[in-house]
Amino acid sequence: MSQQKTTSPAYTIILLILAGESVFILPFVLQRIFRTTFLESFAISQSELGSCFSIYGLVALVSYLFGGPLADKFRPQILMSIALMLTALGGFYLASYPSLANLHVLYGFWGFTTIFLFWAAMIKATRIWGGQSKQGIAFGFLDGGRGLVAALFGSVGVLVFSAFITKDIELTSVLERKEAFKQVITYTAFAVCVVSILVFFFLRNLNSSEEKQIEIKIGIDKPKTLTLANFKTVMQFKAVWLLMIIILCAYFGYKMTDLFSQYAEQVMNYNKIEAAKVGTSLLYLRPIIGVVIGVLADRTRASLWIMIGFLLMLVTSGVFASGLINDSSTLLFILSIGTMALGVYSARVLYFATLEESKIPLALTGTAVGFISIVGYTPDIFAGPLMGYFLDKNPGAIGLQHSFRIMTLFSLVGLVAAFWLYRHSKSTTN
């Protein structure tokens with residue numbers, strides 16, 4: 001069977017991009033863009049919101065390991081469609097403004113739907129679409145496109161929120177803002193439902209016969225169970241351990257971008273709509289950065305650009321931590337969040353591009369990614385409570401400065417790990 005026949009149509013990757021970010025809009029993106037509105041609407045503190053993310057992270061931690069075998073037994077579009085629909089139903093429940101205890105249950109439920117049912121199936125579907133010759137393009141489009149989808153969802157969310165605010169935002173009551181935000185949640189949940197239906201009907205071209213041919217050609221194993229031998233083999237690669245640290249630090253930096261809208265409101269004195277636009281505008285940088293950095297990495301080394309990303313994160317987090325940025329330094333604020341976004345997204349895009357330059361066998365990709373993710377994505381568990389603690393203890397500028405000091409430390413550790421990975425990958429090539 002030729003590559004042309006085994007590769008799925010171009011619209012498939014567009015749908016994968018749409019689904020790949022839609023499933024995370026309700027658990028994460030709305031809180032990133034409307035953070036203060038979310039907190040006041042649910043009458044919870046920063047720490048309590050962080051505890052919701054921790055519940056999500058704990059469920060996701062187990063789901064990363066066991067979602068892979070499930071994706072090998074069922075067709076990707078079935079799992080993805082079910083996951084999207086269940087996530088959307090959770091969104092309709094979110095619009096009823098449940099109690100904190102029920103919010104914890106909801107975030108645990110989302111950890112199950114988005115990771116156990118969805119994540120491995122999406123990765124597998126993307127690899128099938130890429131075939132033998134377009135793996136880089138497939139995953140480059142996936143990450144950059146997801147950023148664009150998040151930005152579009154955010155922009156429409158801001159428009160919906162603004163449409164239900166009938167007077168100056170500063171003159172509205174909490175009850176009025178709560179009702180407007182309810183419409184945003186409902187719109188988002190409905191949109192995710194639509195994506196679920198599209199996935200079910202239009203990803204059918206990823207049939208099992210194509211999948212089998214492509215897996216044979218590009219060397220993907222189909223493990224029926226988790227085997228200890230596979231993990232022992234993966235643990236022998238130094239790059240795997242370095243990538244654990246790199247992803248841990250880079251993902252913590254990505255979680256810190258949740259605070260940009262809050263910084264704009266509490267330190268720069270933007271109103272809630274202007275602050276939400278700050279968070280949304282940054283999302284538009286992600287696809288641009290993803291494509292540009294991906295091309296540069298192909299011409300040099302992915303680990304080199306990860307180093308540069310951490311360096312940018314280190315400098316800009318230090319600037320935020322110093323307290324130099326206030327309501328009289330708007331230009332510095334814009335330049336700093338733009339530069340930090342460049343650093344964070346550069347590292348994020350190239351997470352697993354280093355597997356090839358580190359000579360980790362393709363057949364062990366799934367096991368390696370699963371093993372690395374156990375530690376690498378733990379910021380889902382601790383980042384929220386950690387930031388919440390500092391923000392609740394010292395509301396406003398001081399708490400935000402403390403949070404960015406923590407990011408400075410993570411950026412430094414990530415920079416050192418990226419440097420060692422760069423040296424290690426050079427030695428394996430030479």
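Not counting sequence neighbours, the partners of F333 by the ring pair (Phe, Tyr, Trp, His ring centres under 6.0 Å) test are Y263. For the salt bridge (Lys or Arg N to Asp or Glu O under 4.0 Å) test, residues two or more places apart in sequence or in another chain that qualify with R146 are E21. With sequence neighbours excluded, no residue forms a ring pair (Phe, Tyr, Trp, His ring centres under 6.0 Å) with F310. Residues meeting the ring pair (Phe, Tyr, Trp, His ring centres under 6.0 Å) test with W305, sequence neighbours left out: none. By the ring pair (Phe, Tyr, Trp, His ring centres under 6.0 Å) test, F34 pairs with F161, F181, sequence neighbours left out.
Within the model, atoms CD1 of I372 and CG of L243 stand 4.5 Å from one another, a figure rounded to the nearest 0.5 Å. Atom CG of L415 sits about 10.0 Å away from atom CD1 of I246, to the nearest 0.5 Å. Note that the CE atom of M268 and the OG atom of S329 stand 5.0 Å from one another [nearest 0.5 Å]. With values rounded to the nearest 0.5 angstrom, I306 atom CD1 is found 6.5 Å from L421 atom CG.
In this structure, T188 contributes its side chain and L26 its backbone to no donor-acceptor pair below 3.5 Å. With hydrogens and angles ignored, the 3.5 Å screen pairs no side-chain donor or acceptor of T378 with any backbone N or O of I374. Looking at S41, its side chain never comes within 3.5 Å of a backbone N or O of F38 through a donor-acceptor pair. Judged by distance alone, with hydrogens and angles left aside, the side-chain atoms of S54 form a donor-acceptor pair with the main-chain N or O of I381 at under 3.5 Å.
A 4.5 Å side-chain heavy-atom check between L152 and V156 finds every atom pair outside the cut-off. Side-chain contact between M407 and F252 is present, with at least one heavy-atom pair separated by less than 4.5 Å. In this structure the side chain of I325 never reaches within 4.5 angstrom of the side chain of V267, judged on heavy atoms. At least one side-chain heavy atom of M387 sits less than 4.5 Å from a side-chain heavy atom of M256. You'll find the side chain of V23 stays beyond 4.5 Å of the side chain of M122, heavy atoms only. Within the 4.5 Å cutoff, no side-chain heavy atoms of L39 are placed close to those of S45. Looking at heavy atoms from C-beta onward, S162 lies in side-chain contact with V158 at the 4.5 angstrom threshold. Residues D380 and F28 have side chains in contact (heavy-atom distance under 4.5 Å, counting atoms from C-beta outward).
When all heavy atoms are compared, the tightest approach of G157 to V184 is O-CG2, 3.5 Å. Between M313 and G253, the shortest heavy-atom contact is CE-CA, 4.0 Å. For L242 against A417, the heavy-atom pair with the smallest separation is CD2-O, 4.1 Å. Considering every non-hydrogen atom in both A19 and V199, the closest pair reads CB-CG2, 3.7 Å. What you find for V149 and S22 is that their closest heavy atoms are CG1-OG, 4.4 Å.
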Pairs under 3.5 angstrom only: tabulate donor-acceptor contacts from the side chains of residues 396-406 to other protein residues two or more places apart or in another chain.
from	atom 1	to	atom 2	distance (Å)
H402	ND1	R405	NH1	2.7
S403	OG	G399	O	3.1
R405	NH2	A321	O	3.3

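No more than 12 heavy atoms of other residues, nucleotides or ligands lie within 6.0 Å of OH in Y389, so this atom counts as exposed by the packing criterion. Around atom OH of Y254, more than 12 heavy atoms belonging to other residues, nucleotides or ligands sit under 6.0 Å away.
Stacking of K182 on the aromatic ring of Y97 is not recorded, the 6.0 Å distance cut-off and the 45° axial limit not both being met.
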Step-by-step side-chain contact (heavy atoms from CB on, under 4.5 Å) determination, I115 to V59: CA-CA 9 Å; I115 303 300; V59 175; over 6 Å; no
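For F109 and Y93, the gap between ring centers reaches or exceeds 6.0 Å.
Each of W110, F382, Y107, Y377 was compared with F53 under the ring pair (Phe, Tyr, Trp, His ring centres under 6.0 Å) criterion, and only Y107 meets it.
In summary, the side chains of T36 and E265 do present a donor paired with an acceptor at a separation below 3.5 Å, with no hydrogens or angles considered. Under 3.5 Å, the side chains of S336 and T316 contain no donor-acceptor pair of N or O atoms. If you check the side chains of S261 and Y270, you find no donor sitting under 3.5 Å from an acceptor.
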